[in-house]
Novice: 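Okay, here's the structure, questions in a sec.
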Amino acid sequence: MADLPEKLTKPYQPNETEGRVYKRWEESGFFNPDKLPKRHKEPYSTLMPPPNANGRLHAGHGFEIALKDAIIRFQRMRGKKTLYLPGSDHAGFETQMVFEKKLEKEGQSRHDIPPQKLYEEIMAFTLENKKYMEDDIRKLGTSCDWSRNTFMLDPRVTRRTQETFVKMYGDGLVYRGERIIHWNPKHQTSLSDVETEFIEQEDPFYYLKYGPFVIATVRPETKFGDKYVVMHPEDPRYANFTHGQKIELEWINGPITATVIKDASVDKEFGSGVMTITPWHDQTDFDIAERHGLEKEQIIDFNGKLLQSAGEFAGMHWKKARPLIIEKLKSKGLLVKVDEHYKHAVRVDSRTNVPIEPQIRAQWFVKMKPLTEMVIQAVEKEDKITFIPDYQKKVLLHWMHNAIDWNISRQIVWGIPIPAWFKGDEVHVGMDSPSGNDWQKDPDTFDTWFSSGQWPLTTLGYPDGADFKTFYPTDLMETGSDLVFKWVPRMIMFGLYLGNDIPFKTVYFHGMVTDPKGKKMSKSKGNVISPVDMSEKYGADAFRMALTVGNTPGGTVALSEDKIRGYKHFANKVWNITRFVLSSTGNASTEDKTTFTQQDQKTVDEFKAIAEEITENFETYQLHLASEKTYHYIWHTFADKIVEESKPILLGGDAEAKRSREALLLHLWVGCIKLLHPFMPFISEEVWSMLPEEQKDGEMLMISKWPM
RNA sequence: GGGCGGUUAGCUCAGCUGGUUAGAGCGCAGCAUUGACAUUGCUGAGGUCAGAGGUUCGAAUCCUCUACCGCCCACCA
């Protein structure tokens with residue numbers, strides 16, 4: 001038997017191997033496209049969707065990295081000049097939430113901390129988390145270029161983001177408006193629609209006498225100022241009321257004059273077909289008021305307390321006031337009936353579940369129409385972006401066809417400051433503060449998607465950076481399918497608007513990673529599986545493989561530990577095949593390694609056919625097939641068939657057959673290790689280092705030539 | 001109320017543009033094996049491809065409808 005490396009005689013130890021191999025990769029410099037050998041000419045680029053730097057890496061990140069790193073490694077071996085650009089997001093509101101929770105646990109409140117100090121503390125907290133997260137990314141074997149690592153609050157990124165705002169203001173794509181916004185009263189900030197969601201809730205539904213009408217509401221405390229009564233213009237029941245008609249009636253705090261409004265948005269079938277409106281605290285009502293030029297009055301302040309119009313209830317929080325108001329309505333005979341179990345949808349902050357309070361507030365808005373039209377043109381008309389799976393294109397376009405103007409102001413400190421100043425009614429937008437006194441800086445920061453939407457531009461150094469010229473548009477964006485309307489369309493918008501081109505040629509949406517039972521992972525359920533824990537237990541290779549094999553693009557993945565364990569076994573199989581191949585070919589003469597017997601040549605041809613299929617699967621982003629074929633070939637063709645049938649040949653007396661067979665085993669095994677590398681980078685690189693020099697094209701598998 | 005995805009072996013899922021006896025992993029049963037590997041090998045059981053109808057020489061694969069499961073969107077007060 002030939003001399004074998006000591007470690008091959010023991011089972012494969014991922015923990016002993018992975019860190020060391022990653023260090024070799026990093027030190028080689030080959031993660032950096034500029035340092036790749038000359039054969040790597042044609043660029044291939046992708047960006048890491050920046051993980052939020054407020055915690056550790058989760059399974060979704062692990063999934064994304066497993067797929068994307070496989071593609072990047074494949075492309076690098078194919079000879080592309082590959083860039084995989086890493087980074088992290090400050091994640092504005094979300095990070096501030098995480099930080100506030102931490103403060104709460106420590107018995108503190110953010111209101112006790114001055115803004116500048118708060119910002120600094122969150123920054124320290126974020127930078128610490130960022131470090132851990134980057135370590136996690138390394139542990140998974142991610143072949144990204146750390147020299148280009150970008151953080152959303154790097155000065156060049158924040159400057160670019162602000163400059164974009166200034167440019168958009170100049171182009172009329174950004175305006176300051178008093179419009180209904182989603183107000184989170186607990187955290188005192190506005191949110192965009194994608195940051196909120198509806199939850200089903202059961203509440204009492206109050207039917208109230210409003211002059212000759214009966215109206216219904218779940219929120220009687222908003223009704224003090226209701227002085228418009230609205231009905232459908234074609235509702236026969238109210239044909240004798242005319243638009244603009246004045247009606248004197250008794251209301252909660254005394255007599256008022258109501259005005260009849262006819263508007264087609266009212267549903268004749270719902271309830272009595274009549275409603276009163278509260279334009280300050282309801283989107284529908286606001287729209288009706290806008291259409292007819294009606295007055296709007298704030299009833300509840302930004303802390304949830306009732307204002308002047310509530311009369312005796314002024315100053316009370318609406319929650320406290322509601323039962324008292326109901327009492328009063330009852331005593332005045334205005335309460336017709338109560339439906340105690342009325343089911344309806346309530347909008348809440350999707351991160352904190354705090355019920356949203358619609359409010360009118362002066363905010364910065366992005367005018368969406370011109371931008372979404374550019375997206376529709378590029379995606380629908382010109383078909384410039386490949387969507388995987390392709391039905392996601394419809395989802396995105398539906399969103400684009402129905403977009404409403406985007407509120408980009410947030411009343412939180414943790415974010416990129418909006419470069420605007422106010423003096424009375426005057427507004428100044430620019431990179432520098434205006435000259436003259438009495439200008440007040442806008443204290444708000446940008447919505448996190450305003451900066452992350454520009455990620456492909458800022459990371460690559462738009463407008464004149466070398467990377468922007470080389471790598472824009474990027475080849476691939478891979479991200480979670482939940483971002484199909486949050487992040488992806490914004491990147492396309494900004495890409496087209498600023499960069500004059502789509503930001504990526506292909507967008508691949510991976511599905512959600514759930515627990516083994518198909519349930520969404522969440523900290524509260526305690527079913528979270530950490531990619532790093534799994535990697536430490538079974539090896540990052542096994543984790544990556546388990547997430548790749550058999551998972552159709554876009555599909556939900558139930559992450560099972562059994563499956564990961566299965567691929568740890570596979571890693572060990574690879575290890576032992578290596579041991580067999582090296583020990584049975586170590587004494588082979590080096591004179592002829594390229595010609596085979598007819599029989600063996602056939603086996604080589606079969607390998608080529610498989611390798612071709614795998615290559616094809618890679619090119620069409622069918623990694624679930626590419627990885628499964630690789631696995632299957634190595635274990636059930638190479639090990640079970642080729643190795644087994646080799647044993648008698650190697651022991652037999654036919655010298656030519658033996659020579660050919662030894663050459664065959666080495667030749668095929670080198671090919672297998674190459675095919676395996678994108679999926680299981682660590683063990684394949686480790687095996688490569690033990691294969692004989694004359695079989696290899698270079699020291700490092702990572703940049704060796706793909707077998708096709 | 002709209003839209004989308006799914007329903008294939010006990011479990012988790014593959015099966016691309018329709019083409020001979022429907023596949024994998026895990027699990028299960030039996031056998032083997034101490035010179036690559038028990039983190040092993042071989043063999044096997046197990047499916048009317050959700051249901052109904054249609055197109056076709058031929059459908060798990062295309063069309064229609066139905067039934068469940070899941071996801072997303074939506075200003076019914």
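Worth saying up front: this structure is predicted, and the values here are computed from it rather than measured. Every chain is numbered from 1, with letters handed out A, B, ... down the list of sequences.
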Novice: Between B/C11 and B/G1, how far is it from one C1' atom to the other, in whole Å?
Specialist: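 After rounding to an integer number of Å, I get 37 Å for this pair.
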
Novice: Hey, does A/Y206 reach any base, or is it just sugar-phosphate, or nothing, if we go heavy atoms under 4.0 Å?
Specialist: nothing

Novice: Pull out every stem in RNA chain B, meaning runs of 3 or more consecutive Watson-Crick or G-U wobble pairs with both distances under 3.5 Å.
Specialist: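 Expected stems, ordered by start: B:1-7 with B:67-73, B:10-13 with B:23-26, B:28-32 with B:40-44, B:50-54 with B:62-66.
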
Novice: Go nucleotide by nucleotide along RNA chain B from the 5' end; which of A/A639 and A/N572 gets its closest nucleotide reached first?
Specialist: A/A639

Novice: Considering only side-chain heavy atoms of A/D267, which listed nucleotide, B/A36, B/C76, B/C75, is closest?
Specialist: B/C76

Novice: If you check every side-chain atom of A/F485, which of B/C73, B/A36, B/C4 has the closest atom?
Specialist: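 Of B/C73, B/A36, B/C4, B/C73 is nearest to the side chain of A/F485.
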
Novice: Both conditions, 6.0 Å and 45 degrees, for the charged tip of A/R179 above the ring of A/F286: are they met here?
Specialist: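 No; the conditions do not both hold, so A/R179 does not lie above the ring face of A/F286.
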
Novice: Considering only the C1' atoms, how many Å lie between B/G15 and B/A9, rounded to the nearest integer?
Specialist: 14 Å

Novice: Measuring only the C1' atom in each nucleotide, how far is B/C13 from B/U7? A whole number of Å is fine.
Specialist: 12 Å

Novice: Roughly how far apart, to the nearest Å, are B/A14 and B/G23 at atom C1'?
Specialist: 7 Å

Novice: Reckon A/V218 touches a base, only the sugar-phosphate, or nothing at all at heavy-atom distances under 4.0 Å?
Specialist: nothing

Novice: From the set B/A74, B/C76, B/C42, return the single nucleotide nearest to any side-chain atom of A/D640.
Specialist: B/C42

Novice: Using 30° and 60° as the class boundaries, would you call the ring planes of A/H636 and A/Y631 parallel, tilted or perpendicular?
Specialist: perpendicular

Novice: Between A/Y342 and B/A77, does any side-chain N or O lie under 4.0 Å from OP1 or OP2?
Specialist: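 Checking B/A77 against A/Y342, a side-chain N or O does come within under 4.0 Å of OP1 or OP2.
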
Novice: Base, sugar-phosphate alone, or nothing: which one does A/K647 contact when heavy atoms must sit under 4.0 Å apart?
Specialist: base

Novice: Return no unless some side-chain N or O of A/K573 is found under 4.0 Å from OP1 or OP2 of B/G41.
Specialist: yes

Novice: Determine the contact category for A/W635: base if any of its heavy atoms lies under 4.0 Å from a base atom, sugar-phosphate if only primed atoms, P, OP1 or OP2 are that close, otherwise nothing.
Specialist: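 Here A/W635 touches the backbone only, sparing every base.
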
Novice: Of all the choices, B/A77, B/C42, B/A74, which nucleotide is nearest to the side chain of A/F198 once you look at every atom?
Specialist: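 Nearest to the side-chain atoms of A/F198, counting from C-beta on, is B/A74.
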
Novice: Specify whether A/Y633 and A/F638 have parallel, tilted or perpendicular ring planes, treating 30° as the upper limit for parallel and 60° as the lower limit for perpendicular.
Specialist: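 Ring orientation, 0 to 90° scale: tilted.
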
Novice: Categorize A/F570 for me: base, sugar-phosphate, or nothing, with a 4.0 angstrom heavy-atom threshold over every strand shown.
Specialist: nothing

Novice: Have a look at A/W399 and say if it touches a base, only the backbone sugar-phosphate, or nothing, with a 4.0 Å heavy-atom cut-off.
Specialist: sugar-phosphate

Novice: Below 4.0 angstrom, N of the basic side chain to O of the carboxylate: do A/K486 and A/E195 qualify?
Specialist: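 Salt bridge absent between A/K486 and A/E195.
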
Novice: Once you apply a heavy-atom cut-off of 4.0 Å, does A/E644 come out as touching a base, just sugar-phosphate, or nothing?
Specialist: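 The answer is base, as A/E644 lies within the cut-off (heavy atoms under 4.0 Å) of a base atom.
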
Novice: Counting only side-chain heavy atoms from C-beta out, which of B/C37, B/C75, B/G25 sits nearest to A/R579?
Specialist: B/C37

Novice: Less than 4.0 Å between a side-chain N and a carboxylate O, is that true for A/E178 and A/K296?
Specialist: no

Novice: Given the C1' atoms of B/C4 and B/U21, what is the spacing between them in whole Å?
Specialist: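 To the nearest whole Å, 37 Å.
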
Novice: Between A/F241 and A/Y238, how do the two ring planes meet: parallel, tilted or perpendicular, split at 30° and 60°?
Specialist: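 Rings of A/F241 and A/Y238: tilted, as their planes differ by 30° to 60°.
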
Novice: State which residues pass side chain to side chain donor-acceptor pair (under 3.5 Å) with A/D383; sequence neighbours excluded, sorted by chain then number.
Specialist: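 For A/D383, the residues satisfying side chain to side chain donor-acceptor pair (under 3.5 Å) (neighbours in sequence not counted) are A/K393.
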
Novice: Classify A/A571 by what it touches in the nucleic acid, base, sugar-phosphate, or nothing, heavy-atom distance under 4.0 Å.
Specialist: nothing

Novice: If you check every side-chain atom of A/Y631, which of B/G25, B/A77, B/C75 has the closest atom?
Specialist: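 Ranking B/G25, B/A77, B/C75 by closest atom to the A/Y631 side chain puts B/G25 first.
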
Novice: Rounded to the nearest 0.5 Å, how far does CZ of A/F570 lie from CD1 of A/I634?
Specialist: 4.0 Å

Novice: Under 6.0 Å from the ring centre and within 45 degrees of the ring axis: does the NZ or CZ of A/R490 meet both conditions for the six-membered ring of A/W406?
Specialist: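 Judged by the rule, A/R490 and A/W406 form a cation-pi pair.
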
Novice: I want to verify a distance call: between B/U39, B/C26, B/G5, whose nearest atom is closest to the A/D562 side chain?
Specialist: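 Among B/U39, B/C26, B/G5, the one nearest the side chain of A/D562 is B/C26.
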
Novice: Indicate, yes or no, whether a donor-acceptor pair under 3.5 Å links the base of B/A74 to the side chain of A/Q283.
Specialist: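 Not at all, since no donor on one side and acceptor on the other fall under 3.5 Å apart.
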
Novice: Distance check, P atoms only: B/G6 and B/C42, in whole angstrom units.
Specialist: 34 Å

Novice: Any side-chain N or O of A/K394 under 4.0 Å from OP1/OP2 of B/C72?
Specialist: no

Novice: Specify the separation, in whole Å, of atom CD1 of A/I404 and atom P of B/C75.
Specialist: 7 Å

Novice: Cation-pi check, A/K337 to A/Y207: give yes when NZ or CZ is under 6.0 Å from the six-membered ring centre and within 45° of the ring axis, no otherwise.
Specialist: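 Yes, A/K337 lies over the aromatic ring of A/Y207.
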
Novice: Work out how far the C1' atom of B/U34 is from that of B/G44, and round it to whole angstrom.
Specialist: 26 Å

Novice: Could you tell me whether A/D562 and A/R565 have a side-chain N and a carboxylate O separated by less than 4.0 Å?
Specialist: yes

Novice: Tell me which nucleotide among B/C37, B/A77, B/A36 gets nearest to the side chain of A/M275.
Specialist: B/A77

Novice: Take atom P in B/C65 and the same atom in B/C49, then report the distance between them in whole Å.
Specialist: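 These two P atoms come out 22 Å apart once rounded.
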
Novice: Can you name the atoms? Protein N/O to nucleotides 9-18 of chain B N/O, anything below 3.5 Å, with the distance.
Specialist:
residue : atom : partner : partner atom : Å
B/C13   : O2'  : A/G550  : O            : 3.0
B/A14   : OP1  : A/T552  : OG1          : 2.1
B/A14   : O5'  : A/T552  : OG1          : 3.0
B/G15   : OP1  : A/H624  : NE2          : 3.1

Novice: Just checking A/H636: base, sugar-phosphate only, or nothing, at a heavy-atom cut-off of under 4.0 Å?
Specialist: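 Sugar-phosphate contact only.
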
Novice: Taking NZ, NE, NH1 and NH2 as the nitrogens, is one of them in A/E686 or A/K7 under 4.0 Å from a carboxylate oxygen of the other?
Specialist: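 Here A/E686 pairs with A/K7 in a salt bridge, since their nearest N and O are under 4.0 Å apart.
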
